[in-house]
Every structure is written in structure tokens, then in C-alpha cells.
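Values below: every heavy atom of this structure, side chains too, minus hydrogens, waters and symmetry copies.
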Amino acid sequence: MLSEPRSGRLAAWGNALLAGLVSPDDAASAIVGEDAVHRVEGLPGESAPVGLTLALGRLRTLGVTGLRVALPAPGHPLGLSGPPEFNARALDAEEAVVCYGAAFGLVPSVAEAGPEGDLHVEVVWQCLPVREAPPADVPSLGEAERELAEALREATEVLSRLDVAGSGPVAEAAIDAYRARAEAGQEVLAPGYPPRAVRVLEMAQRVALLLSLAYENGHGGAVSASEMAARAQALRPVERTARRAQVAAYNSVVEQRARG
């Protein structure tokens, strides 16, 4: 959960490209990141998958003026607007991009290719029709920031109470990596995003780090089935808040435009 979702990179840098703030090559490079290649399949007018640069240009000609992120989970269609087929695919992928200005959405399919020891990641984004409607359960940046502050306190208290706080070599390594990333000034969002969106996304990633430590570092003091269930129940709303905040940050420039 700590890593940046591919839909977040696509939406953020796609929005920067659509706003004329970055070049097509720079946007495509940032979206691909450490993956080997990204392609888009199912674009109107294209009979085969195409590269990101061509795909983003084609979406612009189709009327797309912005890109939103969806990070759905079972029982929580966060950022989705339908129809059921698109929602189901997005839920399977746990993420999607929904276009603003034209009724299209993109869902990633991720595969590893190459010989053992030299694997690389290839991503194909499936372009599908979506329903033009407000996305589900996306808060404003202000709401997300307030909710995150409370969620961070709750997560810290829960982890401390259940003895799964950030201790031990695995936890320390994760925290050190997070701090190094922050200190290096790595760009959290693409050009064009307001400082508040950057702040909200950074806080959401910090909450996500705490959740990752809780879920990945064994059972800590929660040794019984009932205690493990109690921990999961306590952390579930925190995880939901962190996902809502990520979506609010990535979608902020489009939501601002939609509100006029």
C-alpha cells in the first residue's frame, strides 16, 4: 500500500500534460517509472495497443481534459461512477483512471515477462466506457486533511495498544526508506498541483506506511484470533481514510475545475 499506485502516476502526469506543463515524453517517462513499458488497449480508432504518448494525445482529441483516480475496495467503490462492468474490472485491479470531459476509463493489467532473474513489468491499460456521473465518496482536500490527522492518531494508538508498532529491523528499514525519500525531495505529484494536495498525499503515504508495518510485521502482541480480528477491525477505517485522501489529492486539480 505504501507504493504509489500506477493510476496515480497516470492521472497526475496526464493532468500535467493536458495542462501543457510537461512534454509528452516527460509525462510518459514519469508514468512508466520503473516498469518496462505501458500500452493502452481499446482506444477508439485504434485496432491494437498503442504507447502512452499516442494514447494521451488521442484522449485529448476525444475531449478528455482531465484524469481522476479511483482506488476501490470491496464494499467501497471509491472514485467510481459505473457502469458495473468497468467497476468490476477496477475492483479486481484495485485501481483505475476515470477521464473527465469524455466518458472513458482506464484499468491496468500488470504482467511480468522475461527469463527468471531478469523479469520486467509490462502494463496494459484497457480503455472502457464509463458513466458520466460524480465519482463515489471522494472528499475535498480540506476534508481529507482533517480526516487524515485523526486517522494518523488512531493508527498510532492502535498499533501501540496491540503491540505492532514500528520496531525491529524490518520496520526500521521501512521508516528509513520513507524518510530518505522525503529528504531527497522526490516529486510527490506532477507540476500543477496545489501545495495542499502534496501535503495531503504525503500524509496519506505516512498513514499507509504505518498500516503496512502493521500488516507485514507479523502478529506482534495480537496472538489470539480475536485480537488479530480486533486489530484488523480497528485499522480498516484508517486504511479507508488513507485511500480517500490519496484519491482527493490526485483528483484535486480536476475537482477544482469541475466546481468552476
Side-chain angles (χ1 to χ4, degrees), residues 1-22 27 30-31 33 64-73 75-81 90 94-101 105-106 130 132-156 178-179 181-212 235-260:
M1 183 177 178
L2 180 60
S3 62
E4 182 180 25
R6 290 180 173 88
S7 57
R9 294 204 305 266
L10 176 55
W13 288 92
N15 283 328
L17 174 61
L18 291 169
L21 299 174
V22 296
I31 293 166
V64 174
T65 58
L67 300 172
R68 289 173 164 137
V69 170
L71 297 178
H76 189 205
L78 175 63
L80 298 176
S81 59
E94 299 182 342
E95 62 177 315
V97 170
V98 180
C99 299
Y100 177 73
L106 303 164
V130 298
E132 291 186 287
D137 197 35
V138 178
S140 68
L141 278 176
E143 291 169 337
E145 192 168 30
R146 290 190 295 272
E147 291 173 0
L148 272 175
E150 180 62 28
L152 189 57
R153 288 192 295 269
E154 290 178 1
T156 303
Y178 176 84
R179 287 173 177 163
R181 178 181 183 278
E183 290 170 0
Q186 181 173 332
E187 198 160 16
V188 177
L189 281 169
Y193 278 85
R196 192 174 202 177
V198 175
R199 186 168 67 245
V200 167
L201 186 57
E202 287 176 333
M203 192 183 301
Q205 290 172 342
R206 186 179 176 191
V207 172
L209 172 62
L210 290 175
L211 292 170
S212 296
L235 292 178
R236 195 171 297 116
V238 179
E239 186 270 340
R240 183 186 182 106
T241 297
R243 281 191 300 109
R244 291 180 79 236
Q246 288 185 67
V247 171
Y250 286 122
N251 295 7
S252 57
V253 293
V254 177
E255 297 302 333
Q256 185 177 19
R257 191 179 310 146
R259 289 193 301 268

Here the gap from Glu4 atom CD to Leu189 atom CG, rounded to the nearest 0.5 Å, amounts to 7.5 Å
*Would you call Leu67 and Cys99 a side-chain contact if the rule is heavy atoms closer than 4.5 Å?*
yes
Between Ala133 and Ser81 the two heavy atoms that sit nearest each other are O-CB, 3.5 Å
Between Ile31 and Gly14, the two heavy atoms sitting closest are CD1-N, 4.3 Å
Tyr193 and Ser252 have their tightest heavy-atom pair at CD2-OG, 3.4 Å
Are the side chains of Pro135 and Glu255 in contact, using a 4.5 Å heavy-atom criterion? yes
Original post:
Looking only at atom types and distance, does a side-chain atom of Tyr250 sit under 3.5 Å from a main-chain N or O of Arg68, one as donor and one as acceptor?
Top reply: no
Taken to the nearest 0.5 Å, the spacing of Leu78 CG from Leu71 CG works out to 6.0 Å
Query raised in the report: With distance as the sole test, does Arg244 use its side chain to make a donor-acceptor pair with the main-chain N or O of Asp137 at under 3.5 Å?
Result: yes
CG (Leu201) and CG (Leu141) are apart, to the nearest 0.5 Å, by 10.0 Å
Between Leu80 and Pro72 the two heavy atoms that sit nearest each other are CD1-CB, 3.8 Å
Quick one, Leu10 and Pro5 - any side-chain contact, counting heavy atoms below 4.5 Å? no
Pair Arg199-Glu202, salt bridge (Lys or Arg N to Asp or Glu O under 4.0 Å): steps then yes or no = CA-CA 5 Å; Arg199 186 168 67 245; Glu202 287 176 333; over 6 Å; no
One should read off an interatomic distance between Ser7 OG and Leu106 CG, to the nearest 0.5 angstrom, of 10.0 Å
Quiz item: Any donor-acceptor pair under 3.5 Å linking the side chain of Glu95 with the backbone of Arg6?
Solution: yes
With His76 as partner, the option from Arg236, Glu239, Arg243 fulfilling side-chain hydrogen bond (donor to acceptor under 3.5 Å, both in side chains) is Arg243
Between Val253 and Gly192 the two heavy atoms that sit nearest each other are CG1-O, 3.5 Å
Between Ala144 and Pro139 the two heavy atoms that sit nearest each other are CB-CG, 4.1 Å
Heavy atoms of other groups near Gln256 CD, more than 12 under 6.0 Å:
no
In this structure, CG of Asn15 is separated from CZ of Arg257 (nearest 0.5 Å) by 6.5 Å
Distance col, row Ser140:OG vs Glu147:CD, nearest 0.5 angstrom, shows 8.0 Å
